[in-house]
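A quick write-up on the structure given underneath.
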Amino acid sequence: MPPTRPPTATWCRRAKIGIPSFVVTLAAFLGFQGVVLILLKEGTNISIQDQTILAIANNNLSPAIGWVLLAFCVAAYAAIQIRQNHNRGRRGLTTAPPALLAVRIGGLAVLGALAVHTLNQERSRNVIVDSLKGVPIVVPVIAVLLVAGTFLLQRTSFGLHIYAVGGNAEAARRAGINVAAIRISAFVICSSLAAVGGVIAASRGNSVDPNTGGSNVLLLAVGAAVIGGTSLFGGRGRVVDAVLGGMVVAVIQNGMGLMGYSSGVKYAVTGSVLLLAAGVDALSRRRAVQR
C-alpha cells in the first residue's frame with residue numbers, strides 16, 4: 001500500500017507544478033465542504049459548548065480594559081515611530097519632523113478614543129435581558145493578526161521575498177530566493193489564517209452546520225482583498241488593505257440589508273465594486289509597464 005500523502009502535498013503540487021493558486025483554493029474549498037458534510041452526516045447541526053470559543057465573537061471587553069488596551073496601543077505605536085525616526089537619524093537618512101510624529105500619534109489616539117468611547121456605550125435594546133457595551137473581543141484578535149502580518153511582510157526578509165516571488169517568480173529565483181519554499185510557506189500561513197477565520201465564524205454562529213464557511217464566503221474573502229488593493233497579478237498588497245476591503249464588503253452587505261435592499265441588489269453592488277477595483281489594478285499595472 002503506497003504511503004499517504006501529507007497535508008502539504010496540495011501546496012507542494014501548486015508550488016512545483018504551477019497550478020494557479022485560485023484553482024487549488026477552489027478545489028480545496030469544494031473538497032473540505034464534502035468533508036464537512038460527511039462529518040456532519042449530511043445536515044446535522046452541532047452546537048458549540050466551549051465558552052472560550054463562544055466568547056470570541058459574542059462577548060465584549062469591559063470599558064476599563066478597552067481604555068487600557070487603547071493606551072497600550074498608542075504607547076506602543078509612539079515608541080515604534082520615535083525609535084524608527086531615531087534610527088534613521090543615526091544613519092544619516094531623512095527623518096520626520098517632530099510635529100509630524102505628534103500628528104500621527106495624536107491622530108491615532110483621537111480615532112482610537114472615539115472608537116472606544118462609542119463601543120463603550122450601551123448598545124442593547126433591553127439592558128435587563130443583556131448588556132451590550134465594550135470593545136468586542138474579536139477586535140483585539142484581529143488587531144494582533146493585523147500587526148503581526150504587517151510586521152512579517154514589511155519588516156522581515158521573508159516578507160520581502162513573498163513580494164518578490166509574487167511580483168516576478170523567475171526574477172526572484174535568479175536572485176537566489178527559494179521560490180517553492182516561499183510559496184509553500186505562504187500557503188501554510190494562509191491556511192492557518194483561514195482556520196482562525198473558521199473558528200471566529202463558528203463562534204459567531206454559536207454552532208457548526210453544512211453551510212458554515214460555505215455559500216459566498218470564499219468569493220467575498222477574495223473580493224475583500226481585491227477591493228482593498230491586493231493585486232490579482234501578485235507582488236502588491238498589504239494586510240491593512242485587506243482588512244479595509246473586508247470592512248467595505250461588510251458595510252455593503254450589512255448596511256444595504258438594514259436599508260431594506262434585497263440580496264440581489266447587494267450582490268450586484270458588491271460585484272460592481274469588485275470589478276471596479278480589479279479594473280483599477282489592471283490599468284495601474286498597464287501604466288507601470290508602459291513607463
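Predicted, not measured: the structure shown is a model, and the values here were computed from it.
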Inset, instruction - Would you indicate whether the side-chain heavy atoms of V243 and L146 approach each other to under 4.5 Å? - result: yes
Legend entry - Nearest atoms (heavy-atom pairs only) where L61 meets P140: CD1-CG, 4.1 Å
Legend entry - I80 CD1 to F151 CZ distance, which is reported to the nearest 0.5 Å: 9.0 Å
Inset, instruction - Can you measure from CG (N206) to CD1 (I53) and round to the nearest 0.5 angstrom? - result: 11.5 Å
Inset, instruction - With the side chain counted from C-beta on, respond yes when L153 and R238 share a heavy-atom pair under 4.5 Å apart, and no when they do not. - result: no
Inset, instruction - Determine the minimum heavy-atom distance between R104 and Y77, stating which atoms define it. - result: CB-OH, 3.8 Å
Legend entry - Sidechain-backbone polar pair: S47 side chain, S207 backbone, donor-acceptor under 3.5 Å: no
Legend entry - S272 side chain near L275 side chain, heavy-atom distance below 4.5 Å: no
Inset, instruction - Check A169 against R183 and note the closest heavy-atom contact, atom names and distance. - result: CB-NH2, 3.6 Å
Legend entry - Those residues that, when tested against I142, pass side-chain contact (heavy atoms from CB on, under 4.5 Å) (two or more places apart): V138
Inset, instruction - Report yes or no: do L108 and V68 belong to one cluster of Ile/Leu/Val/Met/Phe/Trp/Tyr joined by side chain heavy-atom distances under 4.5 Å? - result: no
Inset, instruction - Decide whether N85 and R88 meet the rule of one side-chain donor and one side-chain acceptor closer than 3.5 Å. - result: no
Legend entry - From L160 atom CG to L152 atom CG, the distance as rounded to the nearest 0.5 Å: 10.0 Å
Inset, instruction - List the steps, then state whether side chain to side chain contact (heavy atoms under 4.5 Å, CB included) holds for L69 with V116. - result: CA-CA 10 Å; L69 183 63; V116 172; over 6 Å; no
Legend entry - Test item: V265 and M256 side chains (from C-beta on) under 4.5 Å apart, heavy atoms: yes
Legend entry - Close side-chain approach of L132 to N60, heavy-atom, < 4.5 Å: yes
Legend entry - Path from L111 to V74 over hydrophobic side-chain contacts below 4.5 Å: no
Inset, instruction - Check the pair W67, N120 against side chain to side chain contact (heavy atoms under 4.5 Å, CB included), reporting the backbone distance first and the verdict last. - result: CA-CA 9 Å; W67 288 113; N120 281 345; 3.1 Å; yes
Inset, instruction - Say whether V147 and L145 are linked into one hydrophobic cluster, either directly or through other cluster members, by side-chain heavy-atom distances under 4.5 angstrom. - result: no
Legend entry - V110 vs L114 side-chain heavy atoms within contact, under 4.5 Å: yes
Legend entry - V249: partners by side-chain contact (heavy atoms from CB on, under 4.5 Å), with sequence neighbours left out: L220, A224, I227, Q253
Legend entry - Contacts of I182 that satisfy side-chain contact (heavy atoms from CB on, under 4.5 Å) - sequence neighbours left out: F158, H161, I162, V165, I177
Inset, instruction - First locate atom CD of Q84, then atom OG1 of T95, and finally report the distance between them rounded to the nearest 0.5 Å. - result: 12.5 Å
Legend entry - Distance (rounded to the nearest 0.5 Å) between I184 CD1 and N178 CG: 8.0 Å
Inset, instruction - Determine whether V273 and V251 fall in the same hydrophobic cluster, where Ile, Leu, Val, Met, Phe, Trp and Tyr are linked whenever their side-chain heavy atoms lie under 4.5 Å apart. - result: no
Inset, instruction - For V135 and V139, work out which heavy atoms get closest and say how close. - result: CG1-CB, 3.8 Å
Inset, instruction - Taking all non-hydrogen atoms of both residues into account, name the closest pair between T270 and I252 and its distance. - result: OG1-CG2, 3.4 Å
Inset, instruction - Could you tell me whether the side chain of S192 and the main chain of V188 form a donor-acceptor pair under 3.5 Å? - result: yes
Legend entry - Heavy-atom pair of closest approach, residues A55 and S203: N-OG, 4.4 Å
Inset, instruction - Look up atom CG in N59 and atom CD in Q51, then write down how far apart they are to the nearest 0.5 Å. - result: 8.0 Å
